[in-house]
Amino acid sequence: MDRARRQRVLARLPVCLALAFSLTAVGSSYWCEGTRRVAKPLCQDHPEVLHCIHYSSGSRDNGTRAVQYIWETGDDRFIWRRFHLGFWQSCEESLDSTGEKCRSFQSLIPAEERGVLWLCIGAEVLSILLTLTSAIVLGSSVSHHSSGFHWLKVDASVAILMVLAGLLAMVAHMMYTTIFQITVNVGPEDWKPQTWDYGWSYCLAWGSFALCMVASVTAASRYTAARVELAEKKSVRKGSQLSQRNFQEPKSSESVWETEAAPSPAGCSLINISEHLPSDAKGKVSVC
């Protein structure tokens, strides 16, 4: 494998990583993480839970465990549950800590923002398709022996596709961030988080955007370098052809022969060659 093909194989690395990061981020539900304040459940609903508010109707005589948290006020009346969400759903810890309870993220956002969410999803999917197309183009070009002009077209296509994929991904990420912040402010009261931050899926999404830009700039750099190299080779080839043509066709002025009458043997004549000898010498050729 020559150097050019090795470079093309390495060029697939950021494209494949960007594709993997995008697919993982879109399919996961850890774009944002945080905690939510939930009221403590009643003890008759969850008797095994210790931290709860219990309203007992029994008496001490019948042995009922009358435990009442009448002194809990303010934040003591609540417990903290962790949650995480993505494009598709929002999940939080269940009250009995045995699993997670999930619901659709679309049902949480305001009705007027749902169209923006679908635009965000469409931009993200289109970005993934463009990245996948770039990976296919690079893979098919590496697996087949191609000329230099073909590599120029491949680099130009990859540069355009990857920059479009990166821009679409950036727009999608910004729209999702805006939708989430609007939902935090005006969303349903039973979902609003108390504290939140961006999760690892959000970091993967922006990492995919950075890799798209790197792949685009690298492909554009390879395209520019290859164009300059081809232009230099073309000019050198034209110069060699021109010099070879001039060498094969001498000027007519260089073949001027001057003759001069001089005594010569019978049947012969002397020819003076003045153009092909030094100025202080005279050459004579006897022609019979």
Side-chain angles (χ1 to χ4, degrees), residues 8-36 81-93 99-109 113-139 157-185 187 191 193-221:
R8 263 64 185 192
V9 171
L10 292 176
R12 295 181 59 187
L13 181 60
V15 178
C16 294
L17 284 177
L19 180 61
F21 284 4
S22 295
L23 290 174
T24 305
V26 172
S28 62
S29 59
Y30 286 86
W31 283 67
C32 296
E33 298 177 282
T35 56
R36 201 170 69 84
R81 295 296 181 187
R82 293 190 59 82
F83 79 95
H84 57 88
L85 77 160
F87 275 98
W88 315 106
Q89 61 184 1
S90 173
C91 299
E92 68 177 22
E93 295 175 343
E100 290 184 338
K101 181 180 66 175
C102 299
R103 50 180 167 174
S104 174
F105 178 60
Q106 187 177 359
S107 63
L108 299 175
I109 64 176
E113 299 295 334
R114 293 177 183 175
V116 181
L117 177 63
W118 284 110
L119 285 177
C120 174
I121 294 174
E124 196 72 42
V125 171
L126 186 56
S127 172
I128 292 175
L129 291 177
L130 291 175
T131 308
L132 178 61
T133 304
S134 300
I136 293 174
V137 170
L138 279 175
S157 301
V158 171
I160 295 173
L161 290 174
M162 292 306 293
V163 73
L164 290 177
L167 292 177
L168 285 172
M170 179 185 68
V171 172
H173 303 161
M174 295 176 66
M175 286 194 296
Y176 181 84
T177 304
T178 303
I179 293 171
F180 174 74
Q181 292 177 353
I182 292 175
T183 306
V184 169
N185 293 328
W191 175 83
Q194 192 72 15
T195 60
W196 62 273
D197 199 356
Y198 298 109
W200 59 265
S201 298
Y202 191 81
C203 297
L204 277 184
W206 281 107
S208 175
F209 161 75
L211 288 171
C212 287
M213 295 293 104
V214 169
S216 177
V217 171
T218 304
S221 177

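This is a predicted model, so every value here is computed, not measured. Keep in mind that the numbers below use all heavy atoms, side chains included, and drop hydrogens, waters and symmetry copies. FYI, the numbering just counts along the sequence from 1.
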Note to self: I121 vs W88, test: side chain to side chain contact (heavy atoms under 4.5 Å, CB included). Steps then yes/no.
What the structure shows: CA-CA 10 Å; I121 294 174; W88 315 106; 3.7 Å; yes
Closest non-hydrogen atoms of A169 and S127, given as atom of the first, atom of the second and distance, are CB-OG, 3.6 Å
Relative to the ring of Y176, is the ring of F87 parallel (under 30°), tilted (30 to 60°) or perpendicular (over 60°)?
tilted
For A172 and A123, the nearest pair of non-hydrogen atoms, with its separation, is CB-CB, 4.0 Å
Side-chain donor or acceptor of T133 paired with backbone N/O of L129 under 3.5 Å
yes
Value for CD1 (I136) from OG1 (T131), rounded to nearest 0.5 Å, stands at 11.0 Å
To the nearest 0.5 Å, atom CD1 of I179 lies from atom CZ of F105 at 6.5 Å
Output yes when a side-chain donor or acceptor of R114 lies under 3.5 Å from a complementary backbone atom of Q106, and no otherwise.
yes
CG (L117) and CG (L108) are apart, to the nearest 0.5 Å, by 10.5 Å
Note: Y198 and C32 closest approach over all heavy atoms is CD2-SG, 3.8 Å
Rounded to the nearest 0.5 angstrom, the CG-CD distance for L168 and E124 is 9.0 Å
Is the backbone N or O of C212 less than 3.5 Å from a side-chain atom of S216, with the two atoms forming a donor-acceptor pair by type? no
request  = Evaluate the criterion side chain to side chain contact (heavy atoms under 4.5 Å, CB included) for residue pair M213 and V163; output intermediate values, then yes/no.
outcome  = CA-CA 6 Å; M213 295 293 104; V163 73; 4.1 Å; yes
By ring pair (Phe, Tyr, Trp, His ring centres under 6.0 Å), Y30 pairs with (sequence neighbours left out) H84, W200
*Test side chain to side chain contact (heavy atoms under 4.5 Å, CB included) applied to I182 and I109, step by step*: CA-CA 8 Å; I182 292 175; I109 64 176; over 6 Å; no
For this session: Name the orientation class of the two ring planes belonging to W206 and H173 (parallel below 30°, tilted from 30 to 60°, perpendicular beyond 60°).
Result: perpendicular
For S29 and Q89, the nearest pair of non-hydrogen atoms, with its separation, is CB-O, 4.1 Å
In this structure, CG of L130 is separated from CD1 of I160 (nearest 0.5 Å) by 11.5 Å
Taking every heavy atom of G166 against every heavy atom of F209, the minimum-distance pair comes out as O-CD1, 3.0 Å
One should read off an interatomic distance between R81 CZ and R36 CZ, to the nearest 0.5 angstrom, of 10.0 Å
Sequence neighbours excluded, the answer for side chain to side chain contact (heavy atoms under 4.5 Å, CB included) partners of V184 is F180, W191, P193, W196
All heavy atoms of L138 vs all of V15, minimum pair found to be CD1-CG2, 3.9 Å
Kindly say whether L204 contributes a backbone atom to a donor-acceptor pair with the side chain of S208 at under 3.5 angstrom? no
Can you check whether T177's main-chain N or O pairs, donor with acceptor, with W31's side chain at less than 3.5 Å? no
